[in-house]
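Only a predicted model underlies this, so the values are computations on that prediction, with no experimental measurement involved. Worth knowing before you read on, the calculation uses all heavy atoms, side chains too, and leaves out hydrogens, waters and symmetry mates.
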Amino acid sequence: MSIPFSGIIGRLTSPLTQQLKLINLTPVKRIDIRFNPYDDQCNPTRYFLYYVNAEKVRLTNPQCSVKTVIASDRSEPTVTFSLLSGEKVIFKTARLSILNILELYNKHITSLIPPDPAKLQAEKELEEEKRKKKTRPHHKKKLWSKRRGVFFDV
């Protein structure tokens with residue numbers, strides 16, 4: 001008889017994969033990633049660089065350029081996003097995990113993408129169908145049922 005594995009692998013990879021599926025580079029024009037390779041705190045920033053350079057993520061916006069600056073001047077790792085609207089968003093990632101970086105990205109940048117009009121129309125149609133199914137006439141109580149509401153005055 002074997003003992004099932006009860007480690008923590010599933011707890012961390014599951015939220016990480018959920019956040020990775022949500023990444024979209026559509027509102028971003030340029031990403032500047034700066035880190036010191038000799039610092040222990042740069043690992044999550046390097047992981048973020050790896051995930052951003054993945055093919056599926058890069059295909060969401062082929063015009064987005066990723067610039068990596070490797071500086072050995074003891075500066076803290078930062079990720080700077082230049083948006084298409086002209087704004088800049090800076091993440092100081094010194095004390096963040098890769099999951100925190102991805103959550104912040106999805107919260108502040110991926111949420112800037114306008115919703116697809118075809119998808120909105122499909123959702124409205126689904127809601128109308130559900131509403132039509134829910135509006136059924138109430139069932140009347142039958143005369144021969146036990147709960148027909150007969151009361152006796154004593």
Side-chain angles (χ1 to χ4, degrees), residues 1-140:
M1 188 163 142
S2 64
I3 299 172
F5 178 74
S6 62
I8 63 167
I9 292 174
R11 292 184 202 151
L12 185 61
T13 58
S14 178
L16 189 63
T17 54
Q18 288 175 355
Q19 294 298 323
L20 284 173
K21 288 178 183 177
L22 296 175
I23 286 184
N24 195 336
L25 298 177
T26 303
V28 181
K29 181 170 41 174
R30 181 181 175 141
I31 302 173
D32 295 326
I33 300 175
R34 181 181 182 91
F35 61 90
N36 179 7
Y38 303 112
D39 190 11
D40 293 335
Q41 298 174 349
C42 76
N43 284 338
T45 310
R46 294 172 82 176
Y47 287 133
F48 182 76
L49 174 65
Y50 172 75
Y51 291 131
V52 166
N53 282 327
E55 186 176 349
K56 286 184 179 182
V57 176
R58 293 297 300 260
L59 287 177
T60 59
N61 186 1
Q63 286 82 25
C64 178
S65 64
V66 178
K67 181 180 177 187
T68 307
V69 177
I70 300 174
S72 59
D73 57 355
R74 294 188 180 183
S75 61
E76 69 176 359
T78 59
V79 180
T80 306
F81 302 98
S82 300
L83 303 179
L84 292 173
S85 62
E87 299 175 356
K88 285 192 175 184
V89 179
I90 300 173
F91 289 170
K92 295 184 178 181
T93 60
R95 303 270 190 246
L96 299 176
S97 69
I98 182 62
L99 183 60
N100 292 341
I101 296 170
L102 292 173
E103 286 174 349
L104 287 171
Y105 179 84
N106 288 329
K107 180 180 177 184
H108 295 290
I109 296 174
T110 305
S111 63
L112 298 174
I113 301 170
D116 187 23
K119 193 174 186 180
L120 289 175
Q121 182 65 24
E123 288 177 1
K124 285 181 183 179
E125 290 174 2
L126 274 173
E127 288 178 17
E128 288 177 13
E129 284 183 24
K130 288 181 181 179
R131 197 175 333 131
K132 286 180 182 177
K133 288 181 181 179
K134 286 183 180 179
T135 57
R136 291 186 290 168
H138 294 291
H139 299 288
K140 295 181 180 178

May I ask you to test the [X]-[Y] pair for a side-chain heavy-atom distance under 4.5 Å?
{"X": "V28", "Y": "I109", "answer": "yes"}
{"X": "V57", "Y": "Y51", "answer": "no"}
{"X": "K29", "Y": "L83", "answer": "no"}
{"X": "K67", "Y": "R30", "answer": "yes"}

Between atom [atom1] of [X] and atom [atom2] of [Y], what is the distance when rounded to the nearest 0.5 Å?
{"X": "L96", "Y": "L104", "atom1": "CG", "atom2": "CG", "result": "6.0 Å"}
{"X": "T78", "Y": "F91", "atom1": "OG1", "atom2": "CZ", "result": "11.5 Å"}
{"X": "S72", "Y": "N36", "atom1": "OG", "atom2": "CG", "result": "6.0 Å"}
{"X": "Q18", "Y": "N106", "atom1": "CD", "atom2": "CG", "result": "11.0 Å"}
{"X": "I98", "Y": "E103", "atom1": "CD1", "atom2": "CD", "result": "10.5 Å"}
{"X": "E76", "Y": "D39", "atom1": "CD", "atom2": "CG", "result": "9.5 Å"}

Determine whether a donor-acceptor pair (N or O, by modelled atom type, separation under 3.5 Å) exists between the side chain of N24 and the backbone of T110.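 Not at all, since once roles are kept as given, no pair shorter than 3.5 Å links the two residues.
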Any donor and acceptor pair, going by atom type alone, linking the side chain of T60 with main-chain N or O of T26 inside 3.5 Å?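 Between the backbone of T26 and the side chain of T60 there is no qualifying donor-acceptor contact (under 3.5 Å).
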Given R34, which partner from the list T80, D73, T68 fulfils the side chain to side chain donor-acceptor pair (under 3.5 Å) test?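 The passing option is D73.
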Considering all heavy atoms of both residues, which atom of [X] and which atom of [Y] are nearest to each other, and what is their separation?
{"X": "C42", "Y": "P77", "value": "CA-CG, 4.3 Å"}
{"X": "P37", "Y": "A71", "value": "CD-O, 3.8 Å"}
{"X": "S97", "Y": "P44", "value": "C-CB, 3.9 Å"}

Let's go through L99 and Q19 carefully: what are the C-alpha distance in whole Å and the side-chain angles of both, what is the deciding distance for side-chain contact (heavy atoms from CB on, under 4.5 Å) to 0.1 Å, and is it a yes or a no? CA-CA 8 Å; L99 183 60; Q19 294 298 323; 3.9 Å; yes
Can L25 and I31 be said to form a side-chain contact (heavy atoms from CB on, under 4.5 Å), step by step? CA-CA 10 Å; L25 298 177; I31 302 173; 3.9 Å; yes
D32 and K88 ion-paired at < 4.0 Å: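 No.
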Passing candidate, side chain to side chain contact (heavy atoms under 4.5 Å, CB included) with T93, options N100, N43, V79, I33: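 Only one option passes, and that is V79.
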More than 12 heavy atoms of other residues, nucleotides or ligands under 6.0 Å from CG of D40: is that the case?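 At most 12 heavy atoms, drawn from other residues, nucleotides or ligands, come within 6.0 Å of this atom.
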Going through the checks in order, is the ring pair (Phe, Tyr, Trp, His ring centres under 6.0 Å) test met by F81 and Y105? CA-CA 10 Å; F81 302 98; Y105 179 84; 5.2 Å; yes
